[in-house]
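See structure below.
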Amino acid sequence: MSSRRNFLKTAGAAGVLGMAGLSGCIGNFGEQSYGNGEINFMMSPSEPQDYMRSQYKPYAGYLEEETGTSVSLKYAADYSAVLQGLGSGTADIAETGPFAAALGVKADKAKIALQRHAYGSWDYTSVIVTKKDSDIESLTDLEGEKVGFADMTSASGSLYPLYMLKQAGLTIGEAPVSDSGADFTGVWSGHAEAFAALENDQVAAAGVGQFITRGDDGEIADGYEYVETYDGIPRAPMVVNPNLSEEETNNIVETLQGAPDEIYYGADGEQDTDDDLWFDGVRAADLETYKPVIKVADELNLSTDLLNQG
């Protein structure tokens, strides 16, 4: 199964590039699609468009077959465009990240409907990791040090590490937009890049998803140790247009909950190939499921403006 590489890989002007049905153009941006007999499924820009189209083709096909409603896959230019589409009614359902969803709920542009399952669990862990031979024994030891992070809008690789640092008493300044005013020097890149920077002694510690720190045996890589961990981050949700009727929302949720394993195998229909979806199941979820994420977003004073950064 392929993994999602970055929470936000593409940034740009708000807007979407889409596929009518499974190809073509969006058409009128202002149409209320589901009300007109079409379900618009919006994909967040975490992978290249053609790749995600291949991943989600059987997913959309199953939703179309089971609901008896035409499904149009759309690809968003950025996470702000996802929320714009949901809020304006040009998207009915979207797959997105935890923080984008939380910020969308705060802005009344999205309603959480489903939680995704992957790698054997419904949640995951953020860590701040250092080398065993370093002088870093606690988060306060990172004052004045250089710290690596993943993409600035990554939940496990930026926002939760910043939350941990703030809870430890460090000033985070304008982070994650910049390290201005912070008690540390921040470097934002990607999970793999941040961990590599630690390996090459370019940073004193790295705030990343726990997955990137593990070896093939599932244990932390030799020579490293966790300074702090944060467990229980709910995995990325699927959200719906908050103006959908209860019947329309339930129709989508119940259909996707009952989906067979094969829809996660991508366009080639074979498991464990490059076009597999990164998740393997969904369950009904709501605002309560993502309250931990919203709490962190509030604590860091984040707004949807963050989604336009990159």
Side-chain angles (χ1 to χ4, degrees), residues 1-10 15-27 33-34 38-79 81-86 90-98 100-101 104 110-119 235-241 244 248-249 251-285:
M1 177 180 293
S2 62
S3 61
R4 175 151 297 185
R5 296 179 180 84
N6 291 306
F7 181 84
L8 181 59
K9 190 171 184 178
T10 306
V16 292
L17 297 175
M19 293 166 279
L22 296 179
S23 63
C25 301
I26 291 175
S33 303
Y34 202 11
E38 182 176 60
I39 296 173
N40 284 329
F41 189 113
M42 187 169 286
M43 302 175 295
S44 300
S46 52
E47 300 283 0
Q49 181 173 171
D50 289 346
Y51 184 57
M52 293 193 74
R53 175 186 176 184
S54 178
Q55 289 180 311
Y56 277 97
K57 183 176 180 180
Y59 208 81
Y62 173 80
L63 183 60
E64 181 170 299
E65 180 180 355
E66 293 298 311
T67 63
T69 305
S70 176
V71 175
S72 174
L73 280 176
K74 296 182 176 182
Y75 184 82
D78 54 35
Y79 281 89
V82 173
L83 300 185
Q84 180 184 354
L86 290 166
T90 61
D92 301 300
I93 179 171
E95 62 86 36
T96 191
K111 179 181 177 181
I112 293 168
L114 293 161
Q115 180 184 15
R116 287 180 274 185
H117 180 274
Y119 312 109
R235 288 201 186 277
M238 288 189 178
V239 293
V240 296
N241 175 349
L244 290 185
E248 288 170 328
T249 299
N251 192 26
I252 292 173
V253 170
E254 292 171 6
T255 297
L256 294 180
Q257 280 191 108
D261 292 342
E262 288 75 16
I263 75 164
Y264 297 97
Y265 299 164
D268 66 8
E270 297 181 11
Q271 190 176 10
D272 297 325
T273 57
D274 287 343
D275 67 349
D276 286 5
L277 284 167
W278 66 271
F279 60 103
D280 55 21
V282 295
R283 68 180 179 184

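From a predicted model like this one, the values you see are computed outputs, not experimental measurements.
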If you round to the nearest 0.5 Å, how far is [atom2] of [Y] from [atom1] of [X]?
X: Asp275; Y: Asp50; atom1: CG; atom2: CG; answer: 12.5 Å
X: Thr67; Y: Asn251; atom1: OG1; atom2: CG; answer: 6.0 Å
X: Thr249; Y: Asn241; atom1: OG1; atom2: CG; answer: 8.0 Å
X: Tyr119; Y: Arg235; atom1: OH; atom2: CZ; answer: 7.5 Å
X: Tyr56; Y: Leu63; atom1: OH; atom2: CG; answer: 12.0 Å
X: Asp92; Y: Leu244; atom1: CG; atom2: CG; answer: 5.0 Å

State, to 0.1 Å, how close [X] and [Y] come at their nearest heavy-atom pair, and which atoms those are.
X: Tyr62; Y: Pro260; result: CE1-CD, 3.4 Å
X: Val239; Y: Ala110; result: CB-CB, 4.1 Å
X: Glu270; Y: Asp276; result: O-OD1, 3.1 Å
X: Arg116; Y: Pro237; result: NH2-O, 3.1 Å
X: Ala76; Y: Val82; result: CB-CG2, 3.5 Å

### Query
Mind checking whether Phe279 and Tyr264 have parallel, tilted or perpendicular rings, split at 30° and 60°?
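Rings of Phe279 and Tyr264: perpendicular, as their planes differ by over 60°.
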### Message
side chain to side chain contact (heavy atoms under 4.5 Å, CB included) for Met238 and Leu256? Distances and angles first, verdict last.
### Response
CA-CA 10 Å; Met238 288 189 178; Leu256 294 180; 4.2 Å; yes
With side chains defined as the heavy atoms from C-beta onward, is the minimum distance between [X] and [Y] less than 4.5 Å?
X: Glu95; Y: Met52; result: yes
X: Val253; Y: Leu114; result: yes
X: Leu73; Y: Met43; result: yes

### Message
If we check side-chain contact (heavy atoms from CB on, under 4.5 Å) with Tyr75, which of these qualifies: Arg53, Gln49, Met42?
### Response
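Of Arg53, Gln49, Met42, side-chain contact (heavy atoms from CB on, under 4.5 Å) with Tyr75 is met by Gln49 alone.
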### Task
Determine, stepwise, if the pair Trp278 / Gln55 fulfils side chain to side chain contact (heavy atoms under 4.5 Å, CB included).
CA-CA 9 Å; Trp278 66 271; Gln55 289 180 311; 5.6 Å; no
#### Entry: Check against side chain to side chain contact (heavy atoms under 4.5 Å, CB included), Thr273 and Tyr265
CA-CA 8 Å; Thr273 57; Tyr265 299 164; over 6 Å; no
### Query
Hey, which of Gln115, Gln257, His117 is the one that makes side chain to side chain donor-acceptor pair (under 3.5 Å) with Arg283?
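That would be Gln115.
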